[in-house]
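Read the structure below first, then the notes.
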Amino acid sequence: MLQVKNISFSYNQTPVLKDISFSAKQGEHISIIGESGSGKSTLLKVLYGEYDLNKGTIFWDDKEILGPKFNLVIGYDFMKYVAQEFDLMPFVSVEENIGKFLSNFFPEEKQLRVAELLDVVELTDFAKTKVKTLSGGQKQRVALARAIAKQPEIILLDEPFSHIDNFKKQSLRRSLFKYLKEKNITCIVATHDKNDVLGYADNILVLNHSKIVANSSPEQLFNNPKTPLIASFFEEFNMINHQIVYAHQLKVIEDSSIKVRVKNSYFKGHNYLIEADFNGESIFFYSKENISIDNKVCLQIIT
Ligand code: ADP
Ligand code: MG
């Protein structure tokens, strides 16, 4: 179990993490979300022991995670970390990169393991390809496979699918997260993409202004977003009478007190996102049918 207690950290004089506490059980999937610059990457690096804390403690079971002042070689056997900028061996093949940390003592086992990992990250066809010639997304997949090769107890992933194109992203995400759950590997994922979170995370930590401002399940956070920042992570939303109302909670009806004039319409696939004017402010809602600009409609809040 990971236990983070009252940690604070600053780069030089600027505090980036203030009084952060949370825990993660074995096999749990925790998402860390927050705007760019909110400290997500820094928190992962601190958890990995890359920096010395100003205050607080980090424990994995009974082992304390210490920074470079107290631990000569950064990192621990039980923990793997995949950074936003991954470092691979460019001039050797994908399979050699993935097998880098695996023992050569049992070559057949090693080969089977590498084949399994290639399958998890969907790179079987590229086993013999030199990493140098791969795309950014393919390299990211090699880095992910290498991190899970020796089956860590906990893995820290920083924007793990950011370089991967939409065609591959969905299936890779399912495959990797399913694998981690099956093997009971704790994972802490920093992301700004709700698709990395919904359907996978057991808990979400929201970072804002150096602090954790929310720590709840995806359902709780989605159904009861306490702040506009949290709502904006999930969906388009509106403030109506100081209340957060998601775009999907508005419905066109015959008559109501919310009378709006359509300003823009965006095709979203299975519906249209409509931007309309409501007393001089923009209001967003979804509609099955497209609505022409300047049309006037009435909206109802459905909860
Ligand atoms: P995120 O991953 O959420 O985008 P970061 O953890 O990368 O946020 O950055 C948090 C804050 O710390 C930012 O203001 C950033 O500019 C600053 N920062 C990040 N890395 C360093 C560093 N090595 N030295 C000094 N400041 C840094
Ligand atoms: Mg980051």
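Numbers for residues simply follow the sequence, beginning at 1. Order of listing sets the numbers, starting from 1, for every ligand and every atom in it.
Taking the centre of each ring, Tyr76 and Tyr48 stay at or above the 6.0 Å mark. Tyr246 has its ring centre no less than 6.0 Å from the ring centre of Phe284.
Under a hydrophobic-cluster definition in which Ile, Leu, Val, Met, Phe, Trp and Tyr are linked whenever side-chain heavy atoms come within less than 4.5 Å, directly or via other members, Leu176 and Leu198 are assigned to different clusters.
Between Phe78 and Trp60, the angle of the ring planes stays under 30°, which puts this pair in the parallel group of the 30/60° scheme. Between Tyr51 and Tyr11, the two ring planes are perpendicular [angle over 60°; tilted spans 30° to 60°].
Nearest non-hydrogen protein atom to atom 8 (O) of ligand 1 is Gly39 N, 3.2 Å. Closest protein heavy atom to atom 24 (N) of ligand 1: Tyr11 CD2, 3.4 Å. Remark: minimum distance from atom 7 (O) of ligand 1 to any protein heavy atom is reached at Ser41 CB, 3.7 Å.
Close contacts of ligand 1 with Thr42, meaning ligand atoms under 4.0 Å from a residue heavy atom, involve 5 (P), 6 (O), 9 (O), 10 (C).
For ligand 1, none of its N or O atoms has an N or O atom of Gln84 under 3.5 Å away. The shortest N/O to N/O separation between Ser38 and ligand 1 falls below 3.5 Å. When only interatomic distances are considered, the shortest N/O to N/O separation between Val16 and ligand 1 does not fall below 3.5 Å.
Between the OG atom of Ser41 and the OE1 atom of Gln84, the angle taken at the Mg ion (ligand 2) works out to 80° after rounding to 10°.
Across all non-hydrogen atoms, the minimal contact from Asp19 to Lys55 is OD1-NZ, 3.2 Å.
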For this session: Check the pair Ser217, Asp202 against side-chain hydrogen bond (donor to acceptor under 3.5 Å, both in side chains), reporting the backbone distance first and the verdict last.
Result: CA-CA 6 Å; Ser217 72; Asp202 296 305; over 6 Å; no
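Put simply, atom 19 (C) of ligand 1 has protein non-hydrogen atoms near it, under 4.0 Å away. Within a 4.0 Å radius of atom 16 (O) of ligand 1, the protein contributes no heavy atom.
Looking at heavy atoms from C-beta onward, Met79 lies out of side-chain contact with Lys63 at the 4.5 angstrom threshold.
Which of Gly37, Pro15, Ser210 comes nearest to atom 4 (O) of ligand 1 through a heavy atom is settled by distance: it is Gly37.
Residue contacts with ligand 1 for Glu35 involve N, CA, C or O but no side-chain atom from C-beta outward (heavy atoms, distance under 4.0 Å).
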